[in-house]
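As a basis for the values below, the full set of heavy atoms in this structure was taken, side chains included, without hydrogen atoms, waters or symmetry mates. Since we're looking at a predicted model, the values are computed, not measured.
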Amino acid sequence: MKLGSLKEGGRDGTLIVVSRDLTRGVKAGGIAATLQAALDDWSNTAPRLNALSDELNAGSATGAFALDAARLAAPLPRAYEFVDGSAYLPHVARVRRARGAEVPESFYVDPLMYQATSAGFLGPRDPVTVPSEEYGIDLEAEVVVVTDDVPMAVTPEQAAGHIQLVGLVNDVSLRNLIPAELAKGFGFLQSKPRSALSPVLVTPDELGDAWRGEKLHLPMRTWLNGKWFGEAECGVDMQFNFAQLVAHAAKTRPLTAGTIVGSGTIANEDTSKGASCLAEQRTVETLRDGRPTTPFLTFGDTLRIEVTDKHGVSIFGAIEQAIAPLK
């Protein structure tokens, strides 16, 4: 099934079930008012939401309406936790090589992860609002999963059973603020504003054979100002799968239902696939030409992030955003 949230009913939106072709929706208020409420009682709500999804796709759901992406909030407008990994080592290796550093051996066996901004997610059509272009505005196209309640110290094999939903995120970064923050040795804060989630989150079974080994095996397609920017393969060069990432996050603490776990920027060894963030492209240019030529985003720029199935049909809907100044 596919789940989304309307921009109504309060800060956490109104939960809807969305048709497989992303054209219709139906409110799920009789089951759960919000996606967080559904996740809090997932073992009871999931079967009922699945039944409603079957009715919607069969054309028999009462109260179904035409879906308008502009009415959609993020599927999970607020999350208790968003922990973001960096599971694609080609990205890590290039960035470090560009500054003359090696990848520590520990990176190959122990995932990189940080506590990201979760108090509010942008909707899939909401603008990315930033005070200044000088901050170095960047997109990061990533895959995310959403869990139910995950016990502390689960194994990756156990963690796999706690992955309930899959989606996309534009994990916005302000690149020119990152070096000074990391130099303090205390992690990201000002350099990581709110991110945007895809129009819908889907259950893993909705992905068929594109979800295997706890990875998404489809290309991440990105466009900037209407021009192709990249289509890196999500299932290639991913050092740690999502079960391993969830287990890593839960090593010393349980994860509450509704926790979002990110893959990090999708990146491949094969640079002909393009990039999923501007920092990646600029690093490739620096290693190849001695300097970057691709600029960071400026006000008025637009971006599009989408994953389609093997027939070219959108799975999660597209994240489409413009970059806007703070007013």
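Scanning all heavy atoms of the two residues, the minimum distance from Ile315 to Thr308 falls at CD1-C, 4.1 Å. Here the shortest heavy-atom pairing between Val154 and Ala250 reads CG2-CB, 4.1 Å. Smallest separation of non-hydrogen atoms from Glu233 and Leu218: OE1-C, 3.7 Å. Nearest approach of His162 to Asp148, heavy atoms of both residues: ND1-OD1, 2.7 Å. Shortest non-hydrogen contact noted between Pro199 and Arg125 is CG-NH1, 4.3 Å. The nearest pair of heavy atoms linking Met238 to Ser263 is CE-CB, 4.0 Å.
Note on Arg175 versus Glu140: salt bridge recorded, some NZ/NE/NH1/NH2 to OD/OE distance being below 4.0 Å. Using a 4.0 Å cut-off between a side-chain N of Lys or Arg and a carboxylate O of Asp or Glu, Glu231 and Lys273 do not qualify as a salt bridge.
Taking CG from Leu177 and NZ from Lys192, the interatomic distance works out to 11.0 Å, rounded to the nearest 0.5 Å. The CD1 atom of Ile319 lies 4.5 Å from the CD1 atom of Ile305; values are rounded to the nearest 0.5 Å. From Gln164, atom CD reaches atom OG1 of Thr147 across 8.0 Å, with rounding to the nearest 0.5 Å. Interatomic distance, Leu6 CG to Leu67 CG, rounded to the nearest 0.5 Å: 7.5 Å. Atoms CG and OG1, on Asp40 and Thr34 in that order, are 7.5 Å from each other to the nearest 0.5 Å. Rounding to the nearest 0.5 Å gives a distance of 11.0 Å between OG1 of Thr62 and CG of Leu56.
Cluster annotation: Tyr80 and Val150 are assigned to distinct hydrophobic clusters (Ile/Leu/Val/Met/Phe/Trp/Tyr, side-chain heavy-atom contacts under 4.5 Å, transitive). Hydrophobic clustering of Ile, Leu, Val, Met, Phe, Trp and Tyr side chains at less than 4.5 Å, counting indirect connections, keeps Val172 apart from Val169. Side-chain heavy atoms closer than 4.5 Å link hydrophobic residues (I, L, V, M, F, W, Y) into clusters, and following such links, even through other members, never connects Val144 to Phe240. Residue Val18 is grouped with residue Phe65 when hydrophobic side chains (ILVMFWY) are merged at heavy-atom distances under 4.5 angstrom, including chains of intermediate members. Connection of Ile266 to Val202 is established within a shared hydrophobic cluster, with ILVMFWY side chains joined at heavy-atom distances below 4.5 Å, either directly or through further cluster members.
Shown here is Arg291, whose CZ atom has no more than 12 heavy atoms of other residues, nucleotides or ligands within 6.0 Å. With a 6.0 Å radius and a threshold of 12 heavy atoms from other residues, nucleotides or ligands, Gln115 has its CD atom above the threshold. Within 6.0 Å of the CD atom in Glu102, the count of heavy atoms belonging to other residues, nucleotides or ligands does not exceed 12.
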(message) For a side-chain contact (heavy atoms from CB on, under 4.5 Å) check, start with the C-alpha distance between Met220 and Val143, then their side-chain angles and the critical distance, and finish with the verdict.
(response) CA-CA 9 Å; Met220 176 71 74; Val143 180; 3.8 Å; yes
(request) Could you give me the CA-CA distance, side-chain angles and deciding distance for Phe316 and Val166, then say whether side-chain contact (heavy atoms from CB on, under 4.5 Å) is met? (result) CA-CA 9 Å; Phe316 309 97; Val166 184; 4.2 Å; yes
(request) Any chance you could lay out the side-chain contact (heavy atoms from CB on, under 4.5 Å) test for Asp301 and Leu224, step after step, and finish with the verdict? (result) CA-CA 7 Å; Asp301 283 346; Leu224 294 179; over 6 Å; no
(request) Go through the steps for Arg304 and Arg221 under the test side-chain contact (heavy atoms from CB on, under 4.5 Å), then give the verdict. (result) CA-CA 8 Å; Arg304 180 184 176 97; Arg221 305 185 188 279; over 6 Å; no
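Side-chain contact between Leu197 and Pro75: present, with at least one pair of heavy atoms (C-beta onward) separated by less than 4.5 Å. In this structure, Leu22 and Val313 have side chains that are not in contact, with every pair of non-hydrogen atoms separated by 4.5 Å or more. Counting heavy atoms from C-beta on, the side chains of Leu255 and Val83 never come closer than 4.5 Å. No side-chain heavy atom of Gln239 sits under 4.5 Å from any side-chain heavy atom of Phe107. When side chains are defined from C-beta on, Leu174 does not count as touching Gln190, because their heavy atoms never get closer than 4.5 Å. Between Leu3 and Val200, the closest side-chain pair of non-hydrogen atoms is not below 4.5 Å. Within the 4.5 Å cutoff, side-chain heavy atoms of Leu35 are placed close to those of Leu165. Between Leu89 and Val92 the shortest side-chain heavy-atom distance falls below 4.5 Å.
The backbone N or O of Glu214 sits nowhere less than 3.5 Å from a side-chain atom of Asn241 that would complete a donor-acceptor pair. Listed for the His91 side chain is no donor-acceptor partner under 3.5 Å among the backbone atoms of Glu280. A donor-acceptor pair under 3.5 Å links the side-chain atoms of Thr222 to the main chain of Gly230, judged by distance alone. Of the possible polar contacts, one joining the Asp138 side chain to the Ala279 backbone as a donor-acceptor pair under 3.5 Å is found. Here the side chain of Ser198 pairs no donor or acceptor atom with the backbone of Gly317 at under 3.5 angstrom. Under a 3.5 Å cut-off, the side chain of Ser314 and the backbone N or O of Glu306 do not form any donor-acceptor pair. Not a single donor-acceptor pair under 3.5 Å links the side chain of Asn268 to the backbone N or O of Asp270. Proximity of a side-chain donor or acceptor of Glu181 to a complementary backbone N or O of Phe188 within less than 3.5 Å is not detected. A distance-only check finds no donor-acceptor pair linking the side chain of Glu269 to the backbone of Asp237 [under 3.5 Å]. Panel note: side chain Thr129, backbone Leu326; no donor-acceptor pair is recorded below 3.5 Å.
Counting only residues at least two apart or in different chains, side chain to side chain donor-acceptor pair (under 3.5 Å) contacts with residues 45-54 comprise Ser53-Asn57.
A side-chain donor from one of Ser195 and Asp171 sits under 3.5 Å from a side-chain acceptor of the other. No hydrogens or angles considered: a donor-acceptor pair under 3.5 Å links the side chains of Glu285 and Thr294.
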